[in-house]
Amino acid sequence: MEYSAEDLSPVKKKIVITTEPQEVEAAIMGAVALYKTSVQVDGFRKGKVPASVIEQRFRDKIYEEARQDLINVHINDVMQNLGVQPLSGINVDGAGALERGKAYTYSIEFEVLPAFDLPPYEGVEVDQEKVVVDEKEVADVIERIRRDRAQLVPVDGAAPAVDGQVACIDFAAYENGEPVEGVKAENFDLALGEHQALEDFEALVKTIPYGQEGEGEIRFPDDFIAKDLAGKTVTMKIKVHAVKERKLPELNDDLAKSLGLESVDKLKETIARSYTQSRENLNKSAAQKTILDRLLKMVDFPLPESLLDIQMRTLLTDLKARLERQGKGLEALGKSPEELRKEMLPQAEELARIQVLLLSIAKKEGLEVSDQEVATHIYQESLRSGEDFKTLRESYERSGLIFVLRDRLLADKAMDRVYAKAKVTEVEPGTPQADGDAPAPAEAPAASEEESK
């Protein structure tokens with residue numbers, strides 16, 4: 001195998017690789033041998049099929065597998081010889097098929113980390129806020145628990161429901177006198193004043209007395225998530241079966257025991273501990289972001305386009321998910337995709353610069369991410385999403401996101417290493433930063449993918 005390397009830019013390389021005829025022959029014969037032991041051909045016992053028959057019968061598959069095996073082996077060898085690690089993925093340009101007795105030439109292109117002098121990241125001084133338990137936060141959590149376990153009891157009288165109550169309703173939408181498919185429900189409990197439904201819909205419900213029916217026109221917003229309803233005006237017919245209110249359980253040991261705890265004191269202690277852990281993580285993330293901001297001011301380097309593109313796609317995916325949780329689409333912002341990208345570019349550039357810095361530190365520190373660590377992360381994601389682990393892992397591999405995930409985990413390790421070497425001083429909440437920097441957002445600085453997803 002021979003190769004030549006060319007720098008297309010400070011962060012992009014092209015490698016032309018030529019495989020000798022002997023290597024091509026060996027790869028083809030190796031693939032034939034594997035097929036010989038695994039396939040069944042009529043008229044022959046398994047494992048006794050002549051190699052010539054195997055090659056003739058499965059030629060296309062055998063030659064393609066041999067080509068892929070050669071490329072994979074050579075890419076690994078070249079990367080080791082050059083001492084480089086591709087970012088994101090590798091583009092292979094080699095459309096031709098293997099031929100016996102002939103060399104095989106192809107090229108690969110990939111991006112690498114830019115070369116620059118790392119800033120002095122050991123012993124960085126940073127303030128980090130102490131965690132002070134907010135009793136109101138604890139009380140709010142307890143109220144949410146009581147609310148979640150509340151009983152719905154009918155209210156006296158026949159007055160329409162008001163905010164804070166729950167109306168049990170039937171409803172159906174009509175357009176030009178015809179039912180609108182999919183906009184219908186029976187015995188639906190609607191909590192009023194909690195923005196569970198369109199404002200006009202809730203307003204209509206609050207005009208209908210208990211046991212009676214009513215109707216009115218409802219207009220769906222132009223950016224409504226159900227595209228077939230967006231912008232439409234329909235007639236909504238509603239019947240109120242019951243008006244209920246929540247009867248909260250008493251805050252006592254019985255409530256605590258229903259949650260698997262011994263007493264109210266244990267409940268409060270558990271909530272406070274969870275609150276403390278959460279605030280510690282947020283304050284640590286803020287301190288880490290402050291460190292990164294200071295280090296990034298000391299360096300300048302070109303950004304790999306692939307990293308910038310990944311950050312941009314991640315930001316857009318996250319924005320879309322947030323809007324969908326509100327029942328909206330990207331159209332609700334009134335901006336074209338190009339305008340959104342332009343608006344998000346500075347944030348995407350900052351995230352990409354953070355990742356370049358952290359990956360470069362990881363390289364200097366000799367940090368690595370094992371296959372087991374990657375698999376563990378994907379497994380945990382499968383548990384959260386309910387997806388099959390094997391299917392999810394294969395999806396990562398096919399899409400090339402496995403490289404993105406590995407880089408993100410490596411950047412997280414580098415951030416932990418920098419933080420461990422920093423001089424962290426605990427300060428009271430609300431204390432101004434020593435260098436005048438504003439407190440950073442409470443967000444993990446290296447969490448740049450999608451998880452992504």
Side-chain angles (χ1 to χ4, degrees), residues 9-12 85-89 110-116 118-119 121 124 126 281-323 330 333 335 337-364 367 369 374 377 381 396 399-419 422 437-453:
S9 78
V11 293
K12 192 170 186 178
Q85 182 67 40
L87 292 172
S88 302
F110 55 91
E111 288 190 311
V112 296
L113 289 173
F116 63 98
L118 286 172
Y121 58 85
V124 176
V126 64
N281 291 337
L282 290 174
N283 293 349
K284 177 181 176 181
S285 293
Q288 289 178 336
K289 183 63 167 56
T290 298
I291 293 173
L292 287 173
D293 288 343
R294 292 175 186 169
L295 295 178
L296 286 171
K297 289 178 181 178
M298 305 178 194
V299 292
D300 187 29
F301 46 76
L303 281 178
E305 290 182 7
S306 59
L307 286 188
L308 186 57
D309 181 61
I310 288 169
Q311 302 301 343
M312 181 66 75
R313 285 189 282 114
T314 300
L315 290 173
L316 288 171
T317 300
D318 290 346
L319 175 61
K320 183 179 179 182
R322 288 197 301 273
L323 289 171
L330 288 175
L333 301 176
K335 300 175 183 178
E338 292 73 21
E339 289 173 328
L340 281 176
R341 287 180 173 274
K342 183 178 180 180
E343 187 176 292
M344 290 184 164
L345 183 59
Q347 187 179 0
E349 288 177 340
E350 180 187 15
L351 291 171
R353 279 171 52 78
I354 287 173
Q355 189 165 16
V356 168
L357 175 62
L358 290 176
L359 290 177
S360 299
I361 290 174
K363 183 177 181 180
K364 179 182 178 181
L367 301 176
V369 173
V374 173
H377 183 90
E381 183 180 339
Y396 265 95
S399 64
L401 287 177
I402 198 79
F403 296 102
V404 178
L405 174 58
R406 188 180 295 274
D407 284 350
R408 181 163 65 84
L409 295 178
L410 187 56
D412 288 343
K413 280 191 174 185
M415 185 69 258
D416 289 340
R417 179 66 59 87
V418 172
Y419 179 79
D437 288 344
E443 182 177 60
S448 56
E449 180 206 353
E450 125 123 211
E451 271 113 272
S452 191
K453 264 31 39 218

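Any value given below was found using the heavy atoms of this structure, including those in side chains, with hydrogens, waters and symmetry copies removed. Sequence positions, counted from 1, serve as the residue numbers for this chain. What you see is a predicted model; the values in this text were computed from it and never measured.
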Is any side-chain heavy atom of Leu357 closer than 4.5 Å to a side-chain heavy atom of Leu118?
yes
In the structure I gave you, are the side-chain heavy atoms of Gln288 and Val418 within less than 4.5 Å of one another anywhere?
no
Decide yes or no for Arg294 and Val126: does some side-chain heavy atom of the first lie under 4.5 Å from some side-chain heavy atom of the second?
yes
Decide yes or no for Leu345 and Arg341: does some side-chain heavy atom of the first lie under 4.5 Å from some side-chain heavy atom of the second?
no
Among residues two or more places apart or on two chains, list those pairs meeting salt bridge (charged side-chain N to carboxylate O under 4.0 Å, His left out) that have a residue in residues 302-317.
Asp309-Arg313
Drop me the distance from Thr314's OG1 to Gln311's CD, to the nearest 0.5 angstrom.
5.5 Å
Contacts of type side chain to side chain contact (heavy atoms under 4.5 Å, CB included), residue Glu350, not counting sequence neighbours
Lys289, Asp293, Ile354
Validation row: Leu333, Glu339 side chains within 4.5 angstrom (heavy atoms)
no
Check the surroundings of atom NZ in Lys284: do more than 12 heavy atoms from other residues, nucleotides or ligands lie under 6.0 Å from it?
yes
Minimum heavy-atom separation for Gln355 to Leu307, with atom names?
OE1-CD2, 3.8 Å
Does any part of the side chain of Lys320, heavy atoms only, come nearer than 4.5 Å to the side chain of Leu323, both counted from C-beta?
no
What distance do His377 atom NE2 and Leu405 atom CG have between them, rounded to the nearest 0.5 Å?
5.0 Å
Output all residues satisfying side chain to side chain contact (heavy atoms under 4.5 Å, CB included) with Val11, sequence neighbours left out; order by chain, then residue number.
Ser9, Glu111, Pro114, Pro302, Pro304
Hey, could you give me the CG/OH distance between Leu292 and Tyr419, rounded to the nearest 0.5 Å?
12.5 Å
Of the non-hydrogen atoms in Leu410 and Ala362, which two are nearest, and what is the gap between them?
CG-CB, 3.7 Å
With a 4.5 Å cut-off on side-chain heavy atoms, are Asp407 and Ile310 touching?
no
Nearest-0.5 Å distance, CG of residue Leu358 to CG of residue Leu113
10.5 Å
Minimal heavy-atom distance between Leu315 and Gln347, with the atoms involved, is CD2-NE2, 3.5 Å
Do you know the tightest heavy-atom contact between Val299 and Pro119?
CG1-CD, 3.5 Å
Using modelled atom types and a 3.5 Å cut-off, is there a donor and acceptor pairing between side-chain atoms of Arg406 and backbone atoms of Val369?
yes
With a 4.5 Å cut-off on side-chain heavy atoms, are Pro86 and Phe403 touching?
no
Identify the two heavy atoms, one from Ala422 and one from Ile291, that lie closest to each other, and give their separation to 0.1 Å.
CB-CD1, 3.9 Å
Say you draw a straight line from OH of Tyr396 to CD of Glu381; how long is it, rounded to the nearest 0.5 Å?
3.5 Å
Can you give me the closest heavy-atom contact between Phe116 and Asp300, atom names plus distance?
CB-O, 4.3 Å
Roughly how far apart are Glu349 CD and Leu303 CG, rounded to 0.5 Å?
6.5 Å
